[in-house]
Amino acid sequence: MKTTFQFTTVSLRRLGVMAALGAVLTTAAACGGGTTTDATDPAAEGGEAAEALPGEGVTVTAGYALLEELFQTEIVNVGLEQLGYEIGDGKELEYATMHVDIGNGGIDYTASHWEQLHEDFYQESGGEGTMVREGVIVADVLQGYMIDTATAEEYGITSLEQLQDPEIAALFDTDGDGRANLTGCNPGWGCELVIEHQLDEYGLRDTVQHEQGQYFALIADTITRFNQGEPILYYTWTPLWVSGVLTTGEDVQWLNVPYTSLPEAQGEVAEEDTTVDGTNLGFALDQILIVSNREFAEANPAAATFFDLVQIPINDVSAQNQLIQDGEDSPEDVRRHAEEWIAENQEQFDSWIQEAMEAGMQASS
């Protein structure tokens, strides 16, 4: 169901800019460093500050890999607009390409960088030499393997390792070759590297087939099989609408991995880093960060400060993703979702804008 908030981009921008800029100028004046106006000042007569916004004259382009990541991107874009930046057309790119493009300056930022999962992409695209990892925009994101609860309880399946048994694996066979069909990752995604590594590491190559293609087409087929009462085996992550369709603990459950083993590029990861509520998911508990081009960040302290501050609760992202699944999936819908979220969190959002505005003004003084 749609919320009642229907703020336009212009009204959000004007309200946020005036509130934040007014607060900044009040603070500066109180400290003796502000700009004063008199009755002859046109800006004073019009009730608006004559100060230029820190982002004026600068166009910012964002990158993302999935429609489901556009929500957090649009929240960031609204903030950048309130700081005076112009927003260019966003680019939908594969994760590896997106990181290369940020490093090269082809795009300015992404709000879709998984700190652990995308470490390899980050380093191969120049790492700290060309990019800046900013704040955590979505905390405590999960990934792992799931099966339907009915099959798990009937056969006592709790671990991915049990799929070494051909009889257990055959329960999830959908193409008649005797192997389990695992709904997996798109080629080129960071999770592909982990799944391929773990199939070898856990001795599952002979009994499990990693099904790859377009994830959302594959997961739609998986959900259909579940609704028909068939066993299912799939990879997924949070935040994502899938967890709203297949409810964890009721319809499906996470599988343990026998021990923690991740591709070398992810560095040293201990078992405690991959364990949530007693289940070793095999993937590190992760954070989604904003990553920006280093030259852009250094030249735009207002934007960099905002990147470092903005945070969105994971449940809010999942709820918006469910709206996409329910049919509110146009760019205009997602933009509206972002605006409604901001309106519902206006005080917090305005504080981020104010702090970013201060950083921009201090840098230019």
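Quick caveat, the model's predicted, so the values are computed rather than measured. Heavy-atom basis, side chains included; hydrogens, waters and symmetry copies ignored.
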Practice task
Treating Ile, Leu, Val, Met, Phe, Trp and Tyr as nodes and any side-chain heavy-atom pair under 4.5 angstrom as an edge, say whether I342 and L309 lie in one connected cluster.
Solution key: yes
Exercise for the section: Indicate whether the side chain of S292 and that of D108 have a donor and an acceptor atom separated by less than 3.5 Å. Expected result: no
Exercise for the section: Mark yes when over 12 heavy atoms from residues, nucleotides or ligands other than D175 sit less than 6.0 Å from its CG; otherwise mark no. Expected result: yes
Handout entry: CD/Q214: more than 12 non-hydrogen atoms of other groups inside 6.0 Å
Key = no
Practice task
Please tell me if the side chains of W341 and D316 come closer than 4.5 Å, counting only heavy atoms from C-beta onward.
Solution key: yes
Exercise for the section: May I have the step-by-step check of side-chain contact (heavy atoms from CB on, under 4.5 Å) for R225 and T222, ending in yes or no? Expected result: CA-CA 5 Å; R225 291 200 303 274; T222 302; 3.6 Å; yes
Problem - Aromatic plane relationship, W189 with Y95 - under 30° parallel, 30 to 60° tilted, over 60° perpendicular - result: perpendicular
Handout entry: Donor-acceptor pair, side chain of T149 and main chain of D251, under 3.5 angstrom
Key = yes
Practice task
Answer yes if L193 and V257 sit in the same cluster of Ile, Leu, Val, Met, Phe, Trp and Tyr residues linked by side chain heavy atoms under 4.5 Å apart, and no otherwise.
Solution key: no
Exercise for the section: Using distance alone, with no hydrogens and no angle criterion, decide if S243 and T238 have a side-chain donor and acceptor under 3.5 Å apart. Expected result: no
Completion exercise
dist L289:CG -> D286:CG (nearest 0.5 Å) comes out at 8.0 Å
Problem - Flag side-chain contact, heavy atom, 4.5 Å: I290 against Q72 - result: no
Problem - Ring centroid separation W114 to F121 under 6.0 Å - result: no
Completion exercise
Taken to the nearest 0.5 Å, the spacing of L323 CG from W241 CH2 works out to 13.5 Å
Handout entry: E92, CD atom: more than 12 neighbouring heavy atoms under 6.0 Å
Key = yes
Practice task
Step by step, work out the side-chain contact (heavy atoms from CB on, under 4.5 Å) result for E86 and E56.
Solution key: CA-CA 7 Å; E86 294 294 326; E56 286 190 2; over 6 Å; no
Practice task
Given side-chain contact (heavy atoms from CB on, under 4.5 Å), test V132 with E134 step by step and report yes or no.
Solution key: CA-CA 6 Å; V132 179; E134 310 283 3; 3.5 Å; yes
Problem - Heavy-atom side-chain proximity of Y122 to I102 below 4.5 angstrom - result: no
Practice task
Report yes if the distance between the aromatic ring centroids of F296 and Y109 is under 6.0 Å, otherwise no.
Solution key: no
Problem - Under 3.5 Å: donor-acceptor pair, side chain of T207, backbone of R179 - result: no
Practice task
Rounded to the nearest 0.5 Å, what's the gap from CE on M146 to CG on L160? Could you check?
Solution key: 13.0 Å
Exercise for the section: State plainly whether the residues E74 and R336 are in salt-bridge range, i.e. N to O under 4.0 Å. Expected result: no
Handout entry: Flag side-chain contact, heavy atom, 4.5 Å: T183 against Y235
Key = no
Practice task
Please tell me if the side chains of I314 and D140 come closer than 4.5 Å, counting only heavy atoms from C-beta onward.
Solution key: no
Problem - Between Q123 and E119: side-chain donor-acceptor atoms closer than 3.5 Å - result: yes
Exercise for the section: Return yes if some donor-acceptor pair links the side-chain N/O of R205 with the main-chain N/O of E196 below 3.5 Å, else return no. Expected result: yes
Exercise for the section: May I ask you to decide if L281's main-chain N or O and Q143's side chain share a donor-acceptor pair within less than 3.5 Å? Expected result: no
Practice task
Answer yes or no: is there a side-chain heavy-atom contact under 4.5 Å between N181 and D173?
Solution key: yes
Handout entry: Check: F283 ring centre within less than 6.0 Å of Y145 ring centre
Key = yes
Handout entry: Any F216 side-chain heavy atom under 4.5 Å of L66 side chain
Key = yes
Practice task
Report yes or no: does T61 contribute a side-chain atom to a donor-acceptor pair with the main-chain N or O of G88 at less than 3.5 Å?
Solution key: no
Exercise for the section: State whether E340 and R335 are salt-bridged, where the test is any N-O pair (Lys NZ or Arg NE/NH1/NH2 against Asp/Glu carboxylate O) under 4.0 Å. Expected result: no
Handout entry: Student check: side-chain heavy atoms of V138 and Q311 closer than 4.5 Å
Key = no
Practice task
Inspect the surroundings of CG in D165 and state if more than 12 heavy atoms from other residues, nucleotides or ligands are less than 6.0 Å away.
Solution key: yes
Practice task
Without swapping roles, check the side chain of N104 against the backbone of G106 for a donor-acceptor pair under 3.5 Å.
Solution key: no
Problem - Donor-acceptor pair, side chain of T110 and main chain of S112, under 3.5 angstrom - result: yes
